[in-house]
Amino acid sequence: QVQLVESGGGLVQAGGSLRLSCAASGRTGSSYVMGWFRQAPGKEREFVAHIRSSGSTYYSDSVKGRFTISRDNAKNTVYLQMNSLKSEDTAVYYCAARLRSGSSYYTARYEYDYWGQGTQVTVSS
């Protein structure tokens, strides 16, 4: 069993920065993929970024160049550094973990095994 807890959300002005953290606990082992998703009001939960156990990263086009995902395996923590924030980045951000290896882009919700409860990010314009 794995538990994921997000933190670091808050209110920030457009153009500002924020860093989200996701702490994993329980029998995590070594997660194959850690990802971030977000869900804005009235919209579906969408993929933001993921990082594999190898350190390889992948980003959605909407955040590429502005967000950076990283992980500290010793601390069982994944981070999302968000820079140049826009009002359209406002959403609840969710951390997700996939424990199984596979062959895919890992951009869909069903490809992940565990989810955190989310942390609110609000960007004022």
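For clarity, every value in this text was computed on a predicted model and none was experimentally measured.
Tyr79 and Met34 fall into different hydrophobic clusters, where Ile, Leu, Val, Met, Phe, Trp and Tyr residues are linked whenever their side-chain heavy atoms come under 4.5 Å apart, directly or through other members. When the side chains of ILVMFWY residues are joined at heavy-atom separations under 4.5 Å, either directly or via intervening members, Phe67 and Val78 end up in a single hydrophobic cluster. Under the 4.5 Å side-chain heavy-atom criterion for grouping Ile, Leu, Val, Met, Phe, Trp and Tyr, Val63 is connected to Ile51 within one hydrophobic cluster.
A distance-only check finds no donor-acceptor pair linking the side chain of Thr107 to the backbone of Tyr105 [under 3.5 Å]. Under a 3.5 Å cut-off, the side chain of Arg71 and the backbone N or O of Arg52 do form a donor-acceptor pair. A donor-acceptor contact shorter than 3.5 Å links the side chain of Tyr59 to the backbone of Ile69.
Qualifying ring-ring contact (aromatic ring centres under 6.0 Å, His included) partners for Tyr94, counting only residues two or more places apart in sequence or in other chains: none. With sequence neighbours excluded, the residues satisfying side-chain contact (heavy atoms from CB on, under 4.5 Å) with Asp61 are Lys64.
Pairs passing the salt bridge (charged side-chain N to carboxylate O under 4.0 Å, His left out) check and including a residue from residues 111-125, sequence neighbours excluded, read Arg100-Asp113. Applying the disulfide (SG to SG under 2.5 Å) definition to pairs two or more places apart or across chains, none involves residues 49-83.
Aromatic pair Tyr112/Phe37: ring centres closer than 6.0 Å.
Side-chain contact, Ser56 with Ser54: no donor N or O sits under 3.5 Å from an acceptor N or O.
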Which pairs of donor and acceptor atoms, one on a side chain in residues 6-13, lie under 3.5 Å apart (sequence neighbours left out)?
residue	atom	partner	partner atom	Å
Glu6	OE1	Gln117	N	3.0
Glu6	OE1	Gly118	N	2.8
Glu6	OE2	Cys95	N	2.8
Glu6	OE2	Gly118	N	3.2

Donor-acceptor contacts, no H, no angles, side chain residues 80-88, under 3.5 Å, sequence neighbours left out:
residue	atom	partner	partner atom	Å
Gln81	NE2	Asn83	OD1	3.0
Asn83	OD1	Ser17	OG	2.8

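To the nearest 0.5 angstrom, Leu4 atom CG is 10.5 Å from Thr77 atom OG1. Between atom NE2 of residue His50 and atom OG of residue Ser60 there is a gap of 11.0 Å, rounded to the nearest 0.5 Å. Taken to the nearest 0.5 Å, the CZ atom of Arg98 stands 9.5 Å off from the OH atom of Tyr110.
Considering all non-hydrogen atoms of both residues, Tyr114 and Val2 come closest at CD2-O, 3.4 Å.
Using a 4.5 Å cut-off on side-chain heavy atoms (C-beta onward), Arg38 and Val121 make no contact.
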